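Atoms within each ligand, like the ligands themselves, are counted from 1 in listed order. If you're wondering where the values come from, they're calculated on a predicted model, not measured in any experiment.
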Amino acid sequence: MQSKGRQNIEPAPTYRSEFQRDRDRIIHSTGFRRLEYKTQVFVNHEGDLYRTRLTHSLEVAQIARSISRTLRLDEDLTEAISLAHDIGHTPFGHAGQDALHACMKEYGGFEHNLQSLRIIDVLEKNYADFDGLNLCFETREGILKHCSLKNAAKLGDVGERFLNKTQASLEAQLTNIADQIAYNNHDIDDGLRSGLINIEQMRNIPLFSTQYDKVMWKYPDLKGKRRVHETIRRMIGEQVIDLVETSRERIRIVNPQTIDDVRRHSEQLISFSDGMRAHNQELKKFLRENLYFHHKVYRMTRKAHQVIESLFDVFMNDLRLLPPGYLASAREALIEEGLSGQARVIADYVAGMTDRYATKEYSRLFGVKGGVF
Ligand code: MG
């Protein structure tokens, strides 16, 4: 696949495609490594076996690549978008993002998708010739899954599809659904492992019970985590097959010849069947009510809010508490863009923290002994 190019012109890679180079730059980035210590649902140090943003991103990439190859899309582009799709996440998962968004309310807000783009375009500072990773247009556009119209207007070419209300590329559409397949399934696994949800509850969810019954019929004596794993791998398989077959049929009928045909189509070409979409909605609703809003998860969420809000406020009120690099940037931004510029630098600093770094900073600045969580 031909790329529309990079913001800074560079010679073509010798033995790699442009999108392979993008993928490699993402893997070598600081933001990517930090995903290892950022929460998906459970705070990073609650247990060593739970998913983190890093293992989540790897699962998304693995699912998306298989489908991409089957549908003959660009597998390298799919992988690059998948690996970077969560790179802008704050510590403490969605709780952290909500808290930071509230802190930034008067200063333009905080959107993790936009932050992903900011990291790969501006905040990574490892290359001699440019800030950011200088990725291809297609990778950058694919990473920007959602965006408010106000922000899209400021983004130039990657914001256009939001303003024109057109579809994303097939690779970006695919990554978005692979993300859902990954988290729905691994959250069941983590949820069961944590004991916050149980098999009896899950048996009311058709997507789970259909596969669970098949496993129990074939292996009546199978117990514990093998039984769960056998069920979940079949669930992923069923969803992937549905997605491949539905999307392949849609692509056959619409027969897009160019990216513009994909963009202008009235609906997404990469899609579940209606039945599978309904099953997925039901599963999502269950996880929201029983896992994400479980009182034990909620307690963690409250503390995450407190940590993020306190850090943001303390830096806003006294810039000298920032590390020297951020202090210089915050002072410069204050002169050039006023208080929202200063707030943005602080948001960058806080958003870049891992769960444990944020917890440590909180303990150091507020003298809390014995840990926060
Ligand atoms: Mg994700």
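- Between M235 and I188 the shortest side-chain heavy-atom distance falls below 4.5 Å.
- Because its NZ or CZ atom is not both nearer than 6.0 Å to the ring centre of F32 and within 45° of the ring axis, R23 does not count as a cation-pi partner of that residue.
- The N, O or S atom of D86 lying closest to the Mg ion (ligand 1) is OD2.
- Note on H85: its N/O/S atom closest to the Mg ion (ligand 1) is NE2.
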Problem - Chi angles and distances behind the ring-ring contact (aromatic ring centres under 6.0 Å, His included) call for H101, H112 - result: CA-CA 9 Å; H101 184 57; H112 69 83; over 10 Å; no

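- Taking a cutoff of 4.0 Å between a charged side-chain nitrogen and a carboxylate oxygen, D189 and R193 qualify as a salt bridge.
- Here the Mg ion (ligand 1) is the vertex; the NE2 atom in H56 and the OD1 atom in D179 give an angle of 70° (to 10°).
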